[in-house]
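What follows is a set of notes on a single structure, which appears directly below.
Residue numbers begin at 1 in each chain, while the letters A, B, ... track the order of the sequences. Scope of the values below: all heavy atoms of this structure, side chains included, with no hydrogens, waters or symmetry mates.
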Amino acid sequence: MRLGPIDLDRTLGCGQVFRWRKEGNVWKGILNGKELQLRQKRGSVVAEGGTDDEALERYFRSDDDLDRIRAEISRDERIASMVANAPGLRLIRQDPWECAASYVLATNANIPRIQKMIENVCRTFGDPLPGGGFAFPRPDQISGGNEAAKACGLGFRCDRFVEFARLVDRGEIGLETLRKADYEECVRELRSCPGIGDKVADCVAVFSLDHLDAFPVDVRIKKAMEEMYGVCGTYRSVNRFGREYFGRYAGYAQEYIYYSFQRIKRV
DNA sequence: AACCAGGTCTCGA
DNA sequence: TCGAGACCTGGT
């Protein structure tokens with residue numbers, strides 16, 4: 001199995017996925033409904049658990065030529081230094097449904113709270129797993145659970161979350177088919193779903209549907225883009241600049257910027 | 001104790 | 001198409 005180059009701490013801890021936890025030097029998570037433990041082994045990863053190598057390679061996008069991508073998005077010294085300072089940071093290929101549902105919950109909340117909401121949802125609706133964890137629930141497990149969802153602390157996201165699950169359950173949106181669509185069509189379709197606007201659509205596109213040219217703009221990226229390039233304004237204007245400036249791997253650029261700004265305190 | 005968080009929705013101009 | 005407000009809740 002070839003998973004390198006990869007840095008587990010950066011890749012799993014940068015905020016693109018919400019369910020992985022680090023205990024000691026072991027990352028614990030769930031992949032394809034199976035509990036899994038990952039350890040950093042130099043530039044690569046050692047896995048324990050019932051998941052096949054093929055699934056791991058797919059999940060960690062081992063088909064991406066990271067060196068090439070890092071070189072290609074290093075359009076100026078500023079982004080180049082961010083790339084240089086975060087070796088092994090990779091995008092992850094998430095499950096589209098889990099990704100979309102998670103980011104519907106991620107609106108206007110901080111990461112610790114997002115993680116809590118998602119765990120509540122998994123405990124409430126998901127299948128219990130042998131190791132004591134819970135799988136991320138399928139749409140049909142959520143679609144009838146309005147009352148149960150209200151006990152998950154989702155706030156105003158609750159109705160959107162359940163409505164979105166129903167939409168997917170009824171087959172009115174085919175997430176997987178959007179993988180083959182172009183970026184514009186992909187985000188247009190996603191945006192027609194309850195709880196999914198510009199930002200979430202871009203996240204789902206880049207984190208789960210292989211649209212690496214998507215460029216999600218959240219408040220942190222918005223600040224970063226203004227500081228780095230003097231770009232501000234509407235979502236569409238910042239998004240368009242990022243896509244044009246960084247090109248086909250704009251999504252990777254976005255993640256390196258997001259990661260680089262995570263610990264910076266504004267003075 | 002305020003302020004803010006990987007935004008979306010609605011409405012009016 | 002754009003800007004302004006409202007919006008649950010809990011971290012920091």
Let me know the distance between CG of A:L154 and P of C:dC7, rounded to the nearest Å. 18 Å
Heavy-atom closest pair (A:P137 atom, A:F125 atom, distance to 0.1 Å) is CB-CB, 3.5 Å
To the nearest 0.5 angstrom, please state how far the SG atom of A:C14 sits from the CG atom of A:D9. 11.0 Å
Quote, to the nearest angstrom, the P distance that separates C:dA6 from B:dC3. 15 Å
Using Watson-Crick or G-U wobble geometry with both distances under 3.5 Å, which nucleotide pairs with C:dC8? none
Of the listed C:dT9, B:dG7, B:dA5, the closest approach to the A:V200 side chain comes from B:dG7
Do A:F136 and A:W97 touch side chain to side chain, with heavy atoms closer than 4.5 Å? yes
Between C:dC8 (C1') and A:K150 (NZ): distance, integer Å: 13 Å
Within the structure shown, what part of the strands sits under 4.0 Å from A:E255 by heavy-atom distance: base, sugar-phosphate, or nothing? base
Mind checking A:F207 for me? I need base, sugar-phosphate or nothing, with any heavy atom below 4.0 Å counting as a touch. base
Residue whose nearest DNA chain C nucleotide is more 5′ - A:P112 or A:A109: A:A109
Using a 4.0 Å heavy-atom cut-off across all strands, classify A:G155 as base, sugar-phosphate, or nothing. base
In whole angstrom, what separates A:K116's NZ from B:dA5's C1'? 15 Å
Close approaches to DNA chain C from residues 233-241 of chain A, in residue order (heavy atom, under 4.0 Å): A:T234, A:R236
Can you check whether A:M225 reaches A:V217 side chain to side chain, under 4.5 Å on heavy atoms? no
Working to the nearest 0.5 Å, report the span between OH of A:Y249 and CZ of A:R70. 14.0 Å
On a heavy-atom basis, which atom in A:R243 and which in A:D213 lie closest, and how many Å separate them? NH1-O, 2.8 Å
Counting just side-chain N and O atoms, does A:K223 come under 4.0 Å of either OP1 or OP2 of B:dA5? yes
Under 4.5 Å between any side-chain heavy atoms of A:L12 and A:F60, yes or no? yes
Presence of salt bridge, A:D140 and A:R138, under 4.0 angstrom: yes
CG/A:D63 to CZ/A:R93 distance, rounded to the nearest 0.5 angstrom? 4.5 Å
When you measure from every atom of DNA chain C, which of residues 100-107 of chain A have a heavy atom less than 4.0 Å away? none
Spacing of the P atoms in B:dC11 and C:dC8 (rounded, Å): 15 Å
Could you give the CG-to-P distance, from A:L190 to B:dT8, as a whole number of Å? 11 Å
Just to be sure I understand the rule, does A:G195 reach a base, reach only the sugar-phosphate, or reach nothing, if contact means heavy atoms closer than 4.0 Å? sugar-phosphate
Would you kindly check whether a donor in the side chain of A:R157 faces an acceptor in the base of C:dC8, or vice versa, at under 3.5 angstrom? yes
Under 3.5 Å, is there a donor on one side chain and an acceptor on the other for A:N32 and A:Y59? no
Could you tell me how far apart A:R220 (CZ) and C:dT12 (C1') are, to the nearest whole angstrom? 14 Å
Cut-off 3.5 Å, side chains only: do A:D202 and A:Y103 have a donor facing an acceptor? no
Heavy-atom nearest nucleotide on DNA chain B for A:I221 versus A:R191: which residue maps closer to 5'? A:I221
Is a donor-acceptor contact shorter than 3.5 angstrom present between the side chain of A:N108 and the base of C:dC8? yes
Let me know the distance between CZ of A:F18 and C1' of C:dG11, rounded to the nearest Å. 15 Å
Taking CG from A:D218 and P from B:dC4, how many angstroms apart are they, rounded to a whole number? 15 Å
Give the rounded distance in Å between these two atoms: OH of A:Y258 and P of B:dG7. 8 Å
